[in-house]
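Quick note on labels: first sequence line is chain A, next is B, and so on, each numbered from 1. What you see is a predicted model, and the numbers here were worked out from it, not measured in a lab.
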2 protein chains.
Amino acid sequence: MAMPLYQAKAEFFRMLGHPVRIRVLELLGEGPKQVRDLLADTGVEASSLSQQLAVLRRAGIVTSTREGTAVTYALAGPDVADLMLAARRILTEMLAGQAELLDELRETTRETDTAATRT
Amino acid sequence: MAMPLYQAKAEFFRMLGHPVRIRVLELLGEGPKQVRDLLADTGVEASSLSQQLAVLRRAGIVTSTREGTAVTYALAGPDVADLMLAARRILTEMLAGQAELLDELRETTRETDTAATRT
DNA sequence: TGAGGAATTGAAGAAGTCTTCAATCAGAGG
DNA sequence: CCTCTGATTGAAGACTTCTTCAATTCCTCA
């Protein structure tokens, strides 16, 4: 097993690095959902969604249960919901921070417009 | 600009999804570091490290300043350090959770060893 | 000015990930 | 049993990302 922690982390983040997977995790944050609902809410093609759900399942971050012909997905644990919250908070902060940075940049570049192509 | 938030998030996580980048961010969490130090601490090849640093720079999550012949990198803001802390905490929790799951699984599978190839 | 070290860049091939299509599985109901 | 619907799987091709090598930039010091 002996895998360095930073590699586990990298894999974990890579696992999160897809729009559909993020959306699904956020939707599941509201509570368990059937595949039909995820399909409707995300608007992606069925097989494409299934592929991404499989990725999440393999990562052990969601669970699926079948009830008759319908399959319900849920977050595997409370940690995952925490993670999604943390991610949202941090991302929003960071994007806000970047917006400010952009503003600053735009102001300061006026004087150096001609001189600096390198930033 | 109008990019959906979940896509921004996905890109952000994808940006984090590489062992060397994670390591660098964690090292920079301790404070600014020169490239020479990052090279020594990570043990990767110079040009490979540079490539990953470039990714982090493009994402605006680290900054670089040149002092003579040496280049120093630092986290672009306190949010990033927060993120790394959150990530460590969550990841450790999740891995712990998975270890427990694994234990449970091992116990419960004893009875069903022969029957179940599917998990 | 030129030799030399530190860091970055560019580009090519290998390796991995996404999307899509057809095929398959699992249950419900005629 | 057959077929229909919901969901999943497998596989091929397009597309990204990684690694590595050579080339380049930027600075220092003689």
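Residue A/Thr69 places none of its side-chain N or O atoms closer than 4.0 Å to OP1 or OP2 of C/dG27. Of the side-chain N and O atoms in A/Tyr73, none sit less than 4.0 angstrom from OP1 or OP2 of D/dG6.
The nearest pair of heavy atoms linking A/Arg14 to B/Gly17 is NE-O, 3.3 Å. Nearest heavy atoms, B/Val71 versus B/Ser64: CG1-CB, 4.0 Å. Scanning all heavy atoms of the two residues, the minimum distance from B/Leu16 to B/Ile61 falls at CD2-CD1, 4.5 Å.
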At under 4.0 Å between heavy atoms, which parts of nucleotides 17-22 of chain C does protein reach? Answer with one letter per nucleotide, 5' to 3': B base, S sugar-phosphate only, - none. SSSBB-
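Of the residues in residues 33-42 of chain B, not one places a heavy atom less than 4.0 Å from an atom of DNA chain D. For DNA chain C, none of the residues of residues 25-32 of chain A falls under the heavy-atom distance limit of 4.0 Å.
With A/Tyr73 as the partner, the side-chain contact (heavy atoms from CB on, under 4.5 Å) test is satisfied by one option alone out of A/Asp37, A/Val62, A/Leu56, A/Thr65: A/Val62.
Distance CG (B/Leu56) to P (C/dT9): 13 Å, rounded to an integer number of Å. The CG atom of B/Leu53 sits 10 Å away from the P atom of C/dA7 (whole-angstrom rounding). Atoms CZ (B/Arg58) and C1' (D/dT16) sit 13 Å apart, rounded to a whole Å. In this structure, B/Arg23 atom CZ and D/dC18 atom C1' are separated by 19 Å, rounded to whole Å.
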Under 3.5 Å, which donor-acceptor pairs link side chains of residues 23-36 of chain A to any protein atom two or more places apart or in another chain?
{"from": "A/Arg23", "atom 1": "NH1", "to": "A/Asp41", "atom 2": "O", "distance (Å)": "3.2"}
{"from": "A/Glu26", "atom 1": "OE2", "to": "B/Lys9", "atom 2": "NZ", "distance (Å)": "2.3"}

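Among the nucleotides D/dC26, C/dA28, D/dA7, the one closest to any side-chain atom of B/Arg66 is D/dC26.
With sequence neighbours left out, the salt bridge (Lys or Arg N to Asp or Glu O under 4.0 Å) criterion links A/Glu67 to no other residue.
Within the structure, the side-chain hydrogen bond (donor to acceptor under 3.5 Å, both in side chains) test picks out the following pairs touching residues 45-56 of chain A (sequence neighbours left out): A/Arg21-A/Gln52.
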